[in-house]
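The first residue of the sequence shown is numbered 1, and numbering continues consecutively from there.
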Amino acid sequence: MGMAAKPRDLIYIADLINAVQRAATIEGVGGGVFQIATAAEATVLEMGALLAGILEAEGIKGSEIHHAPMRDGDVMRNYSDTSKARDRLGWSANVSLSEGLARTVRYSTAS
(Lines give C-alpha, C1' and ligand atoms only; values in the text may rest on other atoms or scores of the structure.)
Protein backbone atom coordinates (compact mmCIF):
# COMPACT_ATOMS: atom_id res chain seq x y z
CA MET A 1 0.00 0.00 0.00
CA GLY A 2 1.44 3.39 -0.99
CA MET A 3 1.90 6.51 1.07
CA ALA A 4 -1.35 8.01 -0.27
CA ALA A 5 -3.30 5.09 1.17
CA LYS A 6 -2.37 5.86 4.79
CA PRO A 7 -4.79 8.49 6.07
CA ARG A 8 -3.96 10.23 9.33
CA ASP A 9 -5.80 12.54 11.65
CA LEU A 10 -3.36 15.43 12.01
CA ILE A 11 -3.91 18.05 14.70
CA TYR A 12 -2.35 21.44 15.33
CA ILE A 13 -0.48 21.61 18.65
CA ALA A 14 -2.49 24.55 20.04
CA ASP A 15 -5.71 22.54 19.61
CA LEU A 16 -4.14 19.59 21.43
CA ILE A 17 -2.92 21.78 24.29
CA ASN A 18 -6.37 23.34 24.64
CA ALA A 19 -7.92 19.86 24.97
CA VAL A 20 -5.40 18.80 27.62
CA GLN A 21 -6.00 22.01 29.60
CA ARG A 22 -9.75 21.42 29.51
CA ALA A 23 -9.38 17.79 30.57
CA ALA A 24 -7.19 18.87 33.49
CA THR A 25 -9.51 21.60 34.74
CA ILE A 26 -13.11 20.59 34.01
CA GLU A 27 -14.85 19.12 37.03
CA GLY A 28 -15.77 15.44 36.82
CA VAL A 29 -13.66 14.31 33.87
CA GLY A 30 -10.52 13.20 35.76
CA GLY A 31 -9.38 9.74 34.63
CA GLY A 32 -11.49 9.90 31.48
CA VAL A 33 -10.15 8.81 28.11
CA PHE A 34 -10.72 11.17 25.20
CA GLN A 35 -9.81 10.99 21.53
CA ILE A 36 -8.28 14.34 20.68
CA ALA A 37 -8.05 14.91 16.95
CA THR A 38 -9.60 16.83 14.09
CA ALA A 39 -12.02 14.07 13.05
CA ALA A 40 -10.81 14.67 9.49
CA GLU A 41 -8.46 12.40 7.60
CA ALA A 42 -5.60 13.47 5.34
CA THR A 43 -2.92 11.33 3.78
CA VAL A 44 0.77 12.04 4.22
CA LEU A 45 0.88 12.80 0.49
CA GLU A 46 -1.98 15.35 0.83
CA MET A 47 -0.20 16.96 3.75
CA GLY A 48 3.03 17.09 1.76
CA ALA A 49 1.32 18.74 -1.19
CA LEU A 50 -0.30 21.33 1.10
CA LEU A 51 3.04 21.98 2.79
CA ALA A 52 4.85 22.37 -0.55
CA GLY A 53 2.31 25.01 -1.62
CA ILE A 54 2.63 26.86 1.69
CA LEU A 55 6.42 26.81 1.51
CA GLU A 56 6.26 28.18 -2.03
CA ALA A 57 3.84 30.94 -0.94
CA GLU A 58 6.24 31.86 1.88
CA GLY A 59 9.11 32.18 -0.60
CA ILE A 60 10.79 28.87 0.21
CA LYS A 61 11.60 27.32 -3.16
CA GLY A 62 12.70 23.86 -4.19
CA SER A 63 10.83 21.62 -1.77
CA GLU A 64 10.45 18.05 -2.97
CA ILE A 65 8.42 15.08 -1.82
CA HIS A 66 10.38 11.83 -1.64
CA HIS A 67 8.60 8.50 -1.36
CA ALA A 68 10.06 5.73 0.76
CA PRO A 69 8.99 2.16 1.43
CA MET A 70 6.69 1.41 4.34
CA ARG A 71 8.41 0.90 7.66
CA ASP A 72 7.68 -1.84 10.16
CA GLY A 73 4.91 -0.69 12.48
CA ASP A 74 3.73 2.05 10.10
CA VAL A 75 0.18 3.12 10.92
CA MET A 76 -2.21 2.24 8.10
CA ARG A 77 -5.00 4.53 9.27
CA ASN A 78 -5.54 6.92 12.15
CA TYR A 79 -8.99 8.41 12.59
CA SER A 80 -10.68 9.42 15.84
CA ASP A 81 -14.23 9.98 17.05
CA THR A 82 -14.03 13.22 19.01
CA SER A 83 -17.67 13.36 20.08
CA LYS A 84 -16.85 12.56 23.72
CA ALA A 85 -14.36 15.44 23.88
CA ARG A 86 -16.95 17.73 22.34
CA ASP A 87 -19.70 16.61 24.73
CA ARG A 88 -17.72 16.34 27.98
CA LEU A 89 -15.00 18.96 27.47
CA GLY A 90 -16.79 21.39 25.17
CA TRP A 91 -13.79 20.97 22.87
CA SER A 92 -13.27 20.65 19.15
CA ALA A 93 -10.30 21.34 16.92
CA ASN A 94 -10.33 24.84 15.48
CA VAL A 95 -7.25 24.92 13.22
CA SER A 96 -7.43 23.27 9.80
CA LEU A 97 -4.52 21.27 8.45
CA SER A 98 -3.59 23.95 5.92
CA GLU A 99 -3.77 26.74 8.53
CA GLY A 100 -1.75 24.68 11.03
CA LEU A 101 0.94 24.02 8.44
CA ALA A 102 1.02 27.70 7.48
CA ARG A 103 1.35 28.76 11.12
CA THR A 104 4.14 26.24 11.62
CA VAL A 105 6.05 27.44 8.56
CA ARG A 106 5.65 31.09 9.58
CA TYR A 107 6.78 30.29 13.14
CA SER A 108 9.81 28.32 12.00
CA THR A 109 10.91 31.01 9.53
CA ALA A 110 10.35 34.01 11.83
CA SER A 111 13.53 35.90 12.59
For residues 54-61, which side-chain donor-acceptor pairs fall under 3.5 Å, sequence neighbours excluded?
residue	atom	partner	partner atom	Å
E56	OE2	K61	NZ	3.4

| query | T104 and Y12: which non-hydrogen atoms are nearest, and at how many Å? | reply | OG1-CE1, 3.7 Å
| Can you find a pair of side-chain heavy atoms, one from V105 and one from L51, that are under 4.5 Å apart? | yes
| Check: E46 main-chain N/O paired with T43 side-chain donor or acceptor under 3.5 Å | yes
| Interatomic distance, S80 atom OG to I11 atom CD1 [nearest 0.5 angstrom] | 8.5 Å
| Do any N or O atoms from the side chain of R22 and from the backbone of L89 form a donor-acceptor pair under 3.5 angstrom? | yes
| field | Sidechain N-carboxylate O distance under 4.0 Å for D15, R103 | value | no
Enumerate donor-acceptor pairs with a distance under 3.5 Å from any side-chain N or O in residues 25-42 to protein atoms, sequence neighbours excluded.
residue	atom	partner	partner atom	Å
T25	OG1	Q21	O	2.8
Q35	OE1	D81	N	2.7
T38	OG1	D9	OD1	2.5
T38	OG1	A40	N	3.2
T38	OG1	A40	O	3.1
E41	OE1	R77	NH2	2.9
E41	OE2	R77	NE	2.6
E41	OE2	R77	NH2	3.2

| Can you get from I13 to L101 by hopping between Ile, Leu, Val, Met, Phe, Trp and Tyr side chains that sit under 4.5 Å apart? | no
| field | Shortest non-hydrogen separation from S98 to L50 and the atoms involved | value | CB-CD2, 4.0 Å
